[in-house]
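Every chain is numbered from 1, with letters handed out A, B, ... down the list of sequences. Worth saying up front: this structure is predicted, and the values here are computed from it rather than measured.
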Number of protein chains: 2
Amino acid sequence: MLAMDKTRGRPRTFDREAALGSAVLLFWEHGFEATSVGDLTQAMGIRPASLYAAFGDKKALFKEAVEAYGRTEAGGFLARAMEEEPTAYQVVARMLREAAQVYPDPSHPAGCLTISAATNVTVQDVEIGTFLRDLRNANLVALEERLRRGQEEGDLPEGADVGALASFVATVIQGMSQQARDGAGSAELARVAELALSVWPRST
Amino acid sequence: MLAMDKTRGRPRTFDREAALGSAVLLFWEHGFEATSVGDLTQAMGIRPASLYAAFGDKKALFKEAVEAYGRTEAGGFLARAMEEEPTAYQVVARMLREAAQVYPDPSHPAGCLTISAATNVTVQDVEIGTFLRDLRNANLVALEERLRRGQEEGDLPEGADVGALASFVATVIQGMSQQARDGAGSAELARVAELALSVWPRST
DNA sequence: TCTTTTCTTGAGCGATCAATCAAAAATTAG
DNA sequence: CTAATTTTTGATTGATCGCTCAAGAAAAGA
């Protein structure tokens with residue numbers, strides 16, 4: 001009968017998580033289209049058939065790589081800031097300041113995978129482009145909602161334009177990712193972050 | 001002998017500038033790698049051999065398309081603002097406000113070609129990626145020099161961090177391009193532009 | 001007219017793309 | 001042990017990539 005038993009059969013000879021990590025780095029550096037299956041299998045140390053058996057196809061692997069990226073230190077700091085910081089200002093301040101540190105960090109590819117990995121896609125891969133775009137827009141909505149909560153809790157003035165502030169922060173963060181990929185360092189980006197923060201309508 | 005006579009031989013049957021304009025639109029929309037030579041010949045209404053005879057190869061056509069883009073209304077407004085506005089603040093204000101209008105304009109592809117057309121490139125096309133990156137960094141240096149001139153002319157305070165201001169403006173503009181490609185409208189981007197402008201150390 | 005030059009046409013080049021297949025290998029169940 | 005199940009291997013698929021070539025067509029010069 002149909003089996004689906006994980007313990008049966010020949011065991012996988014490679015570390016699935018490690019292979020996924022290699023895929024994350026490649027997609028992060030070069031993006032979806034510019035990373036070939038050949039590049040992936042070489043970096044993962046496996047053969048095409050093993051890749052397709054373990055991850056489906058290239059698009060499925062990419063989506064899983066995006067999820068894995070979000071679980072990394074450098075890929076999850078924005079979501080973490082939103083969850084952990086108590087006030088709207090502290091959320092935004094941590095986002096911008098950590099972006100200035102993380103995006104140019106030479107221990108991994110520069111910038112943000114979600115922002116830069118599917119900018120140039122062919123017509124048959126539009127799905128991948130919209131997948132990341134939806135993710136970015138969802139993050140923008142989440143930030144706006146977080147700021148609105150801050151407004152209700154009194155750490156943002158009632159007259160503040162929450163939508164504009166969220167768009168502004170998202171714009172600066174996306175620009176910082178691009179700047180980091182263009183070679184900007186953490187000191188330069190830190191000054192950009194402080195300038196952006198100076199527009200904030202603080203209560204203190 | 002070697003001829004190089006332009007009037008001799010069979011005349012070209014297509015409008016070279018119009019064909020280049022079609023290439024600009026394709027590269028602007030999809031980027032360098034995601035635009036195939038087949039896409040180009042179809043949009044230009046010519047055959048591969050004609051394209052290669054008229055423009056060299058795909059990379060040369062792209063570089064020429066970037067130059068043509070810079071001569072368009074939507075592709076040259078940043079340089080024009082730097083040349084035409086009298087003070088540092090007016091330069092930056094016009095840059096940001098026009099970006100908010102131009103980048104989401106539905107009469108052409110969203111955002112800036114220079115910013116988004118070579119984000120994801122394969123290893124053998126790194127040359128194209130660095131070509132646009134160098135262009136962006138040259139624009140950043142030019143803005144910084146324009147601001148420094150403004151500082152010398154007294155329309156920026158002596159204590160102002162010119163480098164940080166230039167980086168900040170470049171970051172916001174690049175972020176606005178990305179936001180426009182993600183679907184942001186001119187009203188939304190205009191509010192972002194005003195927020196960014198509010199950090200400016202004005203003398204008035 | 002006849003030659004020379006340049007462009008267009010249509011076919012097709014080798015390389016690479018994502019993806020697949022059959023067979024061998026490695027495991028568990030009985 | 002044998003049978004069933006799953007993965008790995010190595011070769012290979014059809015499609016598309018950027019690009020080129022030979023032949024024909026359209027112009028100018030002599």
Side-chain angles (χ1 to χ4, degrees), chain A residues 1-20 23 26-27 30-65 118 120-129, chain B residues 1-20 23 26-27 30-65 118 120-129:
Chain A
M1 307 296 277
L2 293 177
M4 303 301 290
D5 191 331
K6 301 165 189 177
T7 68
R8 296 272 295 260
R10 179 174 178 171
R12 186 175 287 127
T13 58
F14 62 94
D15 184 333
R16 195 182 187 280
E17 279 304 308
L20 185 58
L26 281 183
F27 284 133
H30 303 288
F32 176 76
E33 300 245 357
T35 303
S36 71
V37 173
D39 296 333
L40 289 163
T41 55
Q42 183 174 350
M44 297 160 115
I46 61 177
R47 249 148 283 227
S50 297
L51 185 153
Y52 283 88
F55 298 101
D57 61 4
K58 191 188 171 187
K59 291 182 183 178
L61 170 59
F62 179 77
K63 293 180 181 176
E64 202 170 333
N120 310 128
V121 286
T122 59
V123 281
Q124 72 258 27
D125 288 336
V126 177
E127 168 197 355
I128 294 297
Chain B
M1 306 297 276
L2 293 177
M4 300 303 289
D5 190 333
K6 302 167 189 174
T7 68
R8 296 275 294 262
R10 178 173 179 172
R12 187 175 286 127
T13 59
F14 62 94
D15 184 333
R16 194 180 188 280
E17 279 305 306
L20 185 56
L26 281 182
F27 284 134
H30 302 289
F32 176 77
E33 300 246 3
T35 302
S36 71
V37 173
D39 296 333
L40 290 164
T41 55
Q42 183 174 350
M44 298 160 114
I46 61 177
R47 248 148 281 231
S50 297
L51 186 153
Y52 283 87
F55 298 102
D57 61 3
K58 190 188 172 187
K59 291 182 183 178
L61 171 59
F62 178 77
K63 292 179 181 177
E64 202 169 334
N120 309 129
V121 285
T122 58
V123 281
Q124 72 257 28
D125 289 335
V126 177
E127 168 196 354
I128 294 296

What contact category does [X] fall into here, base, sugar-phosphate, or nothing, at under 4.0 angstrom with non-hydrogen atoms?
{"X": "A:P48", "result": "base"}
{"X": "A:T41", "result": "nothing"}
{"X": "B:A49", "result": "base"}

Using a cut-off of less than 4.0 Å, is there contact between a side-chain N or O of [X] and OP1 or OP2 of [N]?
{"X": "A:S36", "N": "C:dC17", "result": "yes"}
{"X": "A:T13", "N": "D:dT8", "result": "yes"}
{"X": "A:S50", "N": "D:dT8", "result": "yes"}
{"X": "A:R10", "N": "D:dT8", "result": "no"}

Expressed as a whole number of angstroms, how long is the span from [X]:[atom1] to [N]:[atom2]?
{"X": "A:E33", "N": "C:dC17", "atom1": "CD", "atom2": "P", "answer": "12 Å"}
{"X": "A:R47", "N": "C:dA23", "atom1": "CZ", "atom2": "C1'", "answer": "14 Å"}
{"X": "A:R12", "N": "C:dT28", "atom1": "CZ", "atom2": "P", "answer": "15 Å"}
{"X": "B:F27", "N": "D:dG18", "atom1": "CZ", "atom2": "C1'", "answer": "12 Å"}
{"X": "A:L40", "N": "C:dC17", "atom1": "CG", "atom2": "P", "answer": "11 Å"}
{"X": "A:Y52", "N": "C:dC17", "atom1": "OH", "atom2": "P", "answer": "11 Å"}
{"X": "A:D125", "N": "C:dA19", "atom1": "CG", "atom2": "P", "answer": "9 Å"}
{"X": "B:Q124", "N": "C:dG14", "atom1": "CD", "atom2": "C1'", "answer": "14 Å"}

Would B:R16 pass as a cation-pi partner of B:F14, given that its NZ or CZ must be under 6.0 Å from the six-membered ring centre and within 45 degrees of the axis?
no

Would you give the length of the straight line joining atom CG of A:L20 to atom CG of A:D15, rounded to the nearest 0.5 angstrom?
10.0 Å

N/O donor-acceptor pair under 3.5 Å between B:N120 side chain and A:A34 backbone:
no

In terms of the nearest nucleotide of DNA chain D, which residue is placed more toward the 5' end: B:V37 or A:A53?
A:A53

Is B:E64 salt-bridged to B:K59, cutoff N-O under 4.0 Å?
no

Salt bridge or not for A:K58 and A:E33, using N-O below 4.0 Å?
no

Residue A:K58, side-chain heavy atoms: nucleotide from C:dA19, D:dC19, D:dT9 that is nearest
C:dA19

